[in-house]
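Everything below concerns the one structure shown next.
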Amino acid sequence: CSALCVQVTMRGKMLWALFCLVLALLPSQTAVMSVDLGSEWMKVAIVKPGVPMEIALNKESRRKTPIAVCLKENERLFGDSALGSVKNPKFVYRYLQSLLGKKYDNPQVAFYQKRFPEHQLVKDASRGTVLFRNSEEMQYSPEELLGMVLNYSRGLAQDFAEQPIKDAVITVPAFFNQAERRAVLQAAQMAGVKVLQLINDNTAVALNYGVFRRKDINSTAQNIMFYDMGSSSTTATIITYQTVKTKEFGTQPQLQIRGVGFDRSLGGFEMELRLRDHLAKLFNEQKKTKKDVRENHRAMAKLLKEAQRLKTVLSANAEFMAQVEGLLDEMDFKAKVTRVEFEALCADLFERVPGPVQEALSSAEMSLDEIEQVILVGGSTRVPKVQEVLLKAVGKEELGKNINADEAAAMGAVYQAAALSKAFKVQPFLVREAAVFPIQVEFTRETEEEDGSRSLKHNKRILFQRMAPYPQRKVITFNRYTDDFAFDINYGDLSFLGQNDLSVFGSLNLTTVQLSGVSSSFQKHMDAESKGIKAHFNMDESGMLLLDRSLPCLNSGSFDLSELGNTISSLFGGGSSEPNANVTEPVQVILSSNQILFVTYTWLAYVNASVAKCLLQDLTDRDLEKQEREKTLNSLEAFIFETQDKMYQEEYQAVVSEEEKEAITTKLSEASAWMDEDGYSAVTKELREKLQELRKLCKDMFFRVEERMKWPGHLAALESKLNHSSFFLRSVKLTPEDDQIFTEVELKTLDRVINETTTWKNDTVAEQEKRSPTERPVLLSKDIESKLSLLDREVYYLLNKAKFAKPRAKAKNNSTASESSSKANSTASESSSKANSSNTEEKVIPPKEETKDKGQRDGGENPTHFCYGFIYIERVMFNRPHLSKML
């Protein structure tokens, strides 16, 4: 029995060791990424071991990528490639951010349709949201298109990091509500991206600013305002920096959002649209054609591209000549636009610049005197008029420009990604976000009046006030409820929003929850006094509201009717699907019938996320297949043209016979003709087979040319090695027997290798000279490299032995007479020895770096030049004068 137990134990240890080995061999995914998801541009940053916080370059080697998707029947393009399709603007989808989480009847949808009339927007019958319709088969929601963009961004990050990446932190505008944040999470889920956190872009900027100024942060609060004007919106944020004490990390710096003000429609894109319309007006006034350029979508897309360039140039110049070739009916357009005209076109927009500042101060309950500095963020803050108006509004001496306006958010987000990832350890920097929109719970309860009559009373409980910090948990108790009841989760007082912001905000109701089965459950516990039901709410790091759990409260203690959070929080994106062992009575959670009217949370019930993910994966697979086909096609074309050209080069003509040349030339001509007729429509498999056939035919020719090109360098390296090794062997053999550290066997072995290598080289070179250049060579570069390696091994063995060898101790003579005689002889010969030594030292030249490089060139692949290695060992390690004299 004991033997059996030992056997089982040993087997268990072996299985555990095997499991650990497999675990160690699994590829580790340590890199994380961030995506600064703007309305026009996105910036991708990565962190991986050895690469701390770096912006990932796209395929055009640019640090930012346009958020644009071009969808045609057989291809899908992203970024600059998508924007290049100005011939078909209706297939290019941009500025998707404004449509996320919006119902079809939202004014923002009509506003988008007005800006981009080339797109056909239709209503999704199941969800009531928006769809882009190209045809009956091609209909995509904004979330699906955003999922394609996020998947593309992950591809850029993986190519830059050279390893798989799945975890990401994504930035969103601070004014995104629950529906819009949920839409971004759903898009990331479709793309297969694991979102560690949705971080507000203003918070990411503030984190990046604080991380590099940790030493300047102390217990005294510092208030900084970040003014961010992007392409589509403007946000002003007040941040407080100071150090705080925590139980987990001790005293650490912290940033807290104190106030936020925003304008959803104030940004650089509106300025570009006005410039576009101005250019269209100028073109129509030139009357080069009878058509109205504003009715041609392709021409307007060209004018918008020129307007974007014009806005950038006018930020640094007083005037600029706008020009577009072949704008309409092959007519060119050219007109001068001044900065004064541009500022006049956008005068009302510049008047709105101070608005977010005042709103941020109001929400923070602060004054401008308490703000130490105003820092500019976002590309549109480079417009001179924006800076002029803002500087006057804040009353400061100057505006802060000591931060990268384009990349600060991406860098701050990737720092947060590294902090949240278990693969990295970063210095803690505490972040306290703030809820821009208040959230409350509303419910109706029946109350008894003094006269005995009953009436319904509407109750409101604030969950999260405006600018309440998060992440944070809240508990609300529904007192005296022993029967089934319902409660609503709504947004609170939004009177601080303007009429336009309220109209595009969407529904104020987040969800309605109906609890049933409560009454029957309490009736089975009549001995306990009911104190209502507690609901535990949580606003997580992404700003998403979750209902963790709901528990009944009794005077004899709390017991779990059911983990209501398992059902309810599924509506909020949280909770666990595992059953609770303490469940005593089932309680049903039923959504009210009007729930389908709300986009937030519940729209996931009508969109099969797995189906959408499979659809996007299918599109990605098609893109990869297309890229593989293009790569194979290009390789085949290049091989045909390059090989045809090589057939006329001397080094190739020298190694091919007439028959072989004729066969290769004929086959290349046939392949070229096939390419012109059928090759450009062939599938990847056919192209690959054709390429492999040609490579196999030309393999022997390429091998002979490659070998002949390697011979001079390899033979010179071998000759140099033989000379150095022979010199070393001769020098060692001259060493006196008393100082010899090498055995006779070791020296004979080196002598044998030198002789065998020399004989092989002479015989093989002679044999090769007898052969025709068209035959397979017998002198191969790999054989020469093998001989070089063998010589290196033998010599380095002796060098390493010499390096660590200790000089032999001299025998001492105990006789006094002998000792005195020895001293006399020593004294007599000292002067002679010194003289010889001085002469010897003058001949020993220490090695130099440039000499070492020269030896490396002469000596082939091994970086050590033997001769200098010997001198180094003799002078530093051995310190033997006789060897120095010999050398």
Side-chain angles (χ1 to χ4, degrees), residues 28-34 36 45-54 166-172 174 194-226 237-260 364 372-373 375 403 408-435 464-465 467-475 536-546 548 574:
S28 58
Q29 299 181 3
T30 56
V32 293
M33 62 179 284
S34 71
D36 179 18
I46 67 160
V47 170
K48 74 170 186 177
V51 181
M53 297 202 310
E54 180 62 50
K166 190 174 183 180
D167 299 342
V169 169
I170 303 176
T171 70
V172 294
K194 180 183 177 182
V195 179
L196 300 176
Q197 179 182 346
L198 292 181
I199 186 172
N200 293 336
D201 48 16
N202 54 357
T203 306
V205 170
L207 179 59
N208 179 67
Y209 180 85
V211 162
F212 293 100
R213 293 165 179 82
R214 296 179 64 98
K215 297 181 180 179
D216 300 332
I217 302 175
N218 49 45
S219 57
T220 303
Q222 305 176 37
N223 300 319
I224 306 292
M225 175 181 287
F226 294 92
T237 309
I238 299 176
I239 309 290
T240 297
Y241 293 98
Q242 65 181 134
T243 56
V244 296
K245 291 184 179 180
T246 62
K247 295 181 180 180
E248 185 177 359
F249 303 110
T251 302
Q252 297 294 341
Q254 173 185 273
L255 70 86
Q256 182 173 352
I257 311 296
R258 297 292 301 279
V260 176
E372 298 183 10
Q373 191 179 12
I375 299 177
I403 195 170
M411 298 298 281
V414 81
Y415 185 90
Q416 185 71 356
L420 295 175
S421 173
K422 297 180 180 179
F424 301 94
K425 185 177 182 180
V426 300
Q427 289 183 302
F429 202 108
L430 308 180
V431 177
R432 296 285 283 171
E433 292 265 25
F464 298 96
Q465 297 180 353
M467 304 313 300
Y470 70 82
Q472 187 179 172
R473 296 179 180 273
K474 286 292 185 70
V475 178
H536 296 254
F537 296 89
N538 175 31
M539 184 169 286
D540 65 7
E541 293 82 357
S542 298
M544 295 304 303
L545 181 63
L546 310 173
D548 285 346

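Side chains included, hydrogens not; waters and symmetry mates left out as well; all remaining heavy atoms used. If you read the sequence from its start, that first residue is 1, and numbering goes on from there.
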Checklist entry - Does atom CD of E372 have more than 12 heavy-atom neighbours from other groups under 6.0 Å away? => result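 Yes, enclosed.
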Between [X] and [Y], what is the shortest heavy-atom contact and its length?
X: S542; Y: Q197; answer: OG-CA, 3.5 Å
X: A418; Y: F424; answer: O-CB, 3.7 Å
X: A423; Y: T30; answer: CB-O, 3.8 Å
X: A409; Y: A204; answer: O-CB, 3.3 Å
X: F464; Y: M539; answer: CZ-CB, 3.7 Å
X: E433; Y: I199; answer: OE2-CG1, 3.7 Å

How many angstroms lie between atom [atom1] of [X] and atom [atom2] of [Y], to the nearest 0.5 angstrom?
X: L546; Y: H536; atom1: CG; atom2: NE2; answer: 14.0 Å
X: I403; Y: R213; atom1: CD1; atom2: CZ; answer: 6.5 Å
X: N208; Y: T203; atom1: CG; atom2: OG1; answer: 12.5 Å
X: D167; Y: K422; atom1: CG; atom2: NZ; answer: 10.5 Å
X: T251; Y: N218; atom1: OG1; atom2: CG; answer: 12.0 Å
X: Q256; Y: N223; atom1: CD; atom2: CG; answer: 10.5 Å

Item to check | Results of salt bridge (Lys or Arg N to Asp or Glu O under 4.0 Å) for D201 - residues two or more places apart only | outcome: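 For D201 there are no salt bridge (Lys or Arg N to Asp or Glu O under 4.0 Å) partners, ignoring immediate neighbours.
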Item to check | Worked verdict on I46 versus V32 for side-chain contact (heavy atoms from CB on, under 4.5 Å) | outcome: CA-CA 6 Å; I46 67 160; V32 293; over 6 Å; no
I want to check something: taking the side chain as every heavy atom from C-beta on, are [X] and [Y] in contact at a cut-off of under 4.5 Å?
X: P471; Y: D540; value: no
X: I224; Y: I238; value: no
X: Q427; Y: Y415; value: yes
X: L255; Y: F429; value: yes
X: R258; Y: M225; value: no

Item to check | Q472 versus R432, side-chain donor and acceptor atoms under 3.5 Å | outcome: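 The criterion, which ignores hydrogens and geometry beyond distance, is not satisfied for Q472 and R432.
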Donor-acceptor contact present, side-chain [X] to main-chain [Y], <3.5 Å:
X: Y241; Y: D216; answer: no
X: T237; Y: V260; answer: no
X: E54; Y: V51; answer: no
X: S34; Y: A410; answer: yes
X: N200; Y: N202; answer: no

Next on the checklist: For F226 and Y209: C-alpha separation, side-chain torsions, deciding distance, then whether ring pair (Phe, Tyr, Trp, His ring centres under 6.0 Å) applies.
Outcome noted: CA-CA 10 Å; F226 294 92; Y209 180 85; 5.5 Å; yes
Item to check | Partner residues of Q242 under the side chain to side chain contact (heavy atoms under 4.5 Å, CB included) criterion, sequence neighbours left out | outcome: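 For Q242, the residues satisfying side chain to side chain contact (heavy atoms under 4.5 Å, CB included) (neighbours in sequence not counted) are A221, T240, V244.
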